[in-house]
Amino acid sequence: MATSLYVGNLPFTSSQSSVEALFAQHGTPISVNLIMDRVTGRPRGFGFVEMEDNDARNAIAALNGTDFEGRTLRVNEAEKRPAPRRW
DNA sequence: GATGAGCGA
């Protein structure tokens, strides 16, 4: 079973691949998804990483509260997505 | 800077 991780307080200079590389040190990222404002194209400073739950727990413990490129990372299990919208 | 986007076949 895989768990979705919320990773927040990211430096705006970070990219999907740098986050993936970071989490790869503490588990196997299944997918990495940095959220950006679809209208302005601006990064929103947070994202989501999916991992097997044991890897997820390990990554949270290892990375939450640590410093990453000048920001203190926030890592925890992600909340559910907002209500579904009809396209 | 703070809890997503995906949507066509």
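Throughout, protein chains are lettered first and strands after them, A, B, ... in sequence-line order, and every chain is numbered starting at 1.
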Checklist line | Side chain of A:R71 - closest among B:dG6, B:dT3, B:dG1 | finding: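 Given the options B:dG6, B:dT3, B:dG1, the side chain of A:R71 is closest to B:dG1.
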Notebook entry, point to check: Considering only heavy atoms from C-beta outward, does the side chain of A:R74 approach that of A:Y6 to under 4.5 Å?
Noted result: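 When only atoms from C-beta onward are counted, A:Y6 and A:R74 do touch, with a gap below 4.5 Å.
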Item checked: Selection from B:dG4, B:dT3, B:dG1 that lies nearest to any side-chain heavy atom of A:F12 ->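 Closest nucleotide among those given: B:dG1.
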Item checked: Between CG on residue A:N64 and OG1 on residue A:T72, distance to nearest 0.5 Å ->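 It comes to 10.0 Å.
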Next item on the list: Kindly state which residues belonging to residues 43-65 of chain A come within less than 4.0 angstrom of DNA chain B, counting heavy atoms of the residue only, listed by number.
Entry: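 Those residues whose heavy atoms fall under 4.0 Å from DNA chain B, taken from residues 43-65 of chain A in numerical order, are A:F46, A:F48.
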Next item on the list: Would you kindly give the CZ-to-C1' distance between A:R74 and B:dG4, to the nearest whole Å?
Entry: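 Checked: the CZ to C1' distance equals 15 Å.
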Check: What is the distance, rounded to the nearest whole Å, between atom CG of A:L10 and atom C1' of B:dG4?
Finding: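 Rounded to the whole Å, the gap is 13 Å.
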Notebook entry, point to check: To the side chain of A:N9, which of B:dG4, B:dA2, B:dG1 is closest?
Noted result: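 My answer, after comparing the listed nucleotides, is B:dG1.
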Name the atoms and distances for all side-chain donor-acceptor pairs under 3.5 Å in residues 48-63 of chain A, with sequence neighbours left out.
residue, atom, partner, partner atom, Å
A:E50, OE1, A:S31, OG, 3.1
A:E52, OE1, A:M1, N, 3.2
A:D55, OD2, A:T28, N, 3.1
A:N58, ND2, A:H26, O, 2.8

Next item on the list: Taking the side chain as every heavy atom from C-beta outward, state whether A:F68 and A:N9 have any atom pair closer than 4.5 Å.
Entry: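 Heavy-atom side-chain distance check fails, nothing below 4.5 Å.
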Check: If you check every side-chain atom of A:E79, which of B:dG1, B:dT3, B:dG6 has the closest atom?
Finding: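 Side chain of A:E79 sits closest to B:dT3.
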Notebook entry, point to check: How is A:R42 classified with respect to the nucleic acid when contacts are heavy atoms under 4.0 Å: base, sugar-phosphate, or nothing?
Noted result: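 Answer is nothing: A:R42 stays at 4.0 Å or more from every strand.
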Next item on the list: Mind calculating the distance between CG (A:L73) and C1' (B:dA2) to the nearest angstrom?
Entry: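 After rounding, the reported distance stands at 13 Å.
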Margin query: Could you tell me how far apart A:Y6 (OH) and B:dG4 (P) are, to the nearest whole angstrom?
Written below: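 Taking OH of A:Y6 and P of B:dG4, I get 9 Å after rounding.
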Checklist line | Heavy-atom pair with the smallest gap, counting every atom of A:V32 and A:E20 | finding: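 Nearest pair, atom of A:V32 first, then A:E20: CG2-CB, 3.6 Å.
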Note to self: Show the nearest heavy-atom pair for residues A:G8 and A:F46, with the distance to one decimal.
What the structure shows: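 Closest approach of A:G8 to A:F46: CA-CB, 3.8 Å.
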Check: Expressed in angstrom and rounded to an integer, what is the separation of A:M36 atom CE from B:dG6 atom C1'?
Finding: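 Atom CE in A:M36 sits about 15 Å away from atom C1' in B:dG6.
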Notebook entry, point to check: What is the distance, rounded to the nearest whole Å, between atom CD of A:E77 and atom P of B:dA2?
Noted result: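 Result: 23 Å.
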Notebook entry, point to check: Would you say the side chain of A:T13 lies within less than 4.5 Å of the side chain of A:E69, judging by non-hydrogen atoms?
Noted result: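 The answer is yes, as the side chains (C-beta and beyond) meet within the 4.5 Å cut-off.
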